[in-house]
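One structure is given here, and the rest of the page talks about it.
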Amino acid sequence: MTADRTAAVDAAIEAELRLLAPEVRSSPELLGQLLHPEFTEFGVSGARWDRASIIKSLTESTEAGTRPLIASRMRGVQLADDVVHLTFDTDSNGRLAHRSSLWRRCEGEWLLWFHQGTPFSADAGAEV
């Protein structure tokens, strides 16, 4: 753990990685355990999702368990005692996205409160 990396950042990264696992993304119960009741996402497609709609979409998708998301360059910063911001990139069979997640600690559990995915091409470069 680096000086900038707190236990809260580590906990949020662990939760994010669980959220990316195919077995979690295909289970309404497991997925629901990681999403805040007020969850909102602006997806890679441009669609706006709430908690119920993203759970339904991911768990009913025939691709949910077959296409793993490969995460890279994940890093985080603790913004407040109970808020962590994560940024990372994903690759889903060549579909690349920059991602940003806000995690909130609620009653001792880290829950995803907001997420945004922005597509990018390898030609545009992933480095900042």
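Positions are given from 1 along the sequence. Below, all heavy atoms of this structure are taken into account, side chains as well, without hydrogens, waters or symmetry copies.
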Would you call L31 and L58 a side-chain contact if the rule is heavy atoms closer than 4.5 Å? yes

For W103 and E16, run side chain to side chain contact (heavy atoms under 4.5 Å, CB included): C-alpha distance rounded to whole Å, both residues' side-chain angles, the deciding distance at 0.1 Å, then the answer. CA-CA 9 Å; W103 288 84; E16 187 78 56; 2.8 Å; yes

H36 side chain to R51 side chain, donor-acceptor N/O pair below 3.5 angstrom: no

Between H98 and T118, a side-chain donor and acceptor under 3.5 Å: no

Please confirm whether the backbone N or O of S100 pairs with a side-chain atom of H115, one donor and one acceptor, at under 3.5 Å? yes

For the side chain of S26 and the backbone of P22, is there at least one donor-acceptor N/O pair under 3.5 Å apart? yes

Would you mind telling me which of W49, F42, F39 makes a ring pair (Phe, Tyr, Trp, His ring centres under 6.0 Å) with F114? F42

Are the side chain of S53 and the backbone N or O of D50 linked by a donor-acceptor pair below 3.5 Å? yes

To the nearest 0.5 Å, what is the distance between CG on L19 and CH2 on W110? 15.0 Å

Given salt bridge (Lys or Arg N to Asp or Glu O under 4.0 Å), test E14 with R18 step by step and report yes or no. CA-CA 6 Å; E14 181 182 315; R18 279 197 324 266; 3.3 Å; yes

How long is the span from the CG atom in L102 to the CZ atom in R104, to the nearest 0.5 Å? 9.5 Å

Considering all heavy atoms, the nearest S27-L30 contact: OG-N, 3.1 Å

Looking only at atom types and distance, does a side-chain atom of S92 sit under 3.5 Å from a main-chain N or O of R95, one as donor and one as acceptor? no

Distance in Å, W113 CH2 paired with T40 OG1, rounded so as to fall on 0.5 Å steps: 7.0 Å

Evaluate the side-chain proximity of L112 to E41: yes if any heavy-atom separation is below 4.5 Å, no if none is. no

Closest non-hydrogen contact found for G76 with L86 is CA-CD2, 3.6 Å

From NE2 (H85) to CD (Q78), nearest 0.5 Å: 13.5 Å

Using every non-hydrogen atom in the two residues, find where L20 and A71 come nearest and quote the distance to one decimal. CD1-CB, 3.7 Å

Check this for me: does any side-chain nitrogen of one of R73 and D89 sit under 4.0 Å from a carboxylate oxygen of the other? yes

Closest non-hydrogen atom pair between L111 and P37, with its separation: CD1-CD, 4.4 Å

Do the side chain of T59 and the main chain of I55 share a donor and acceptor less than 3.5 angstrom apart? yes

Between R105 and D81, the two heavy atoms sitting closest are NH2-O, 2.5 Å

Mind checking whether I13 and I70 sit in one hydrophobic cluster, side chains of I, L, V, M, F, W, Y counted as touching below 4.5 Å? no

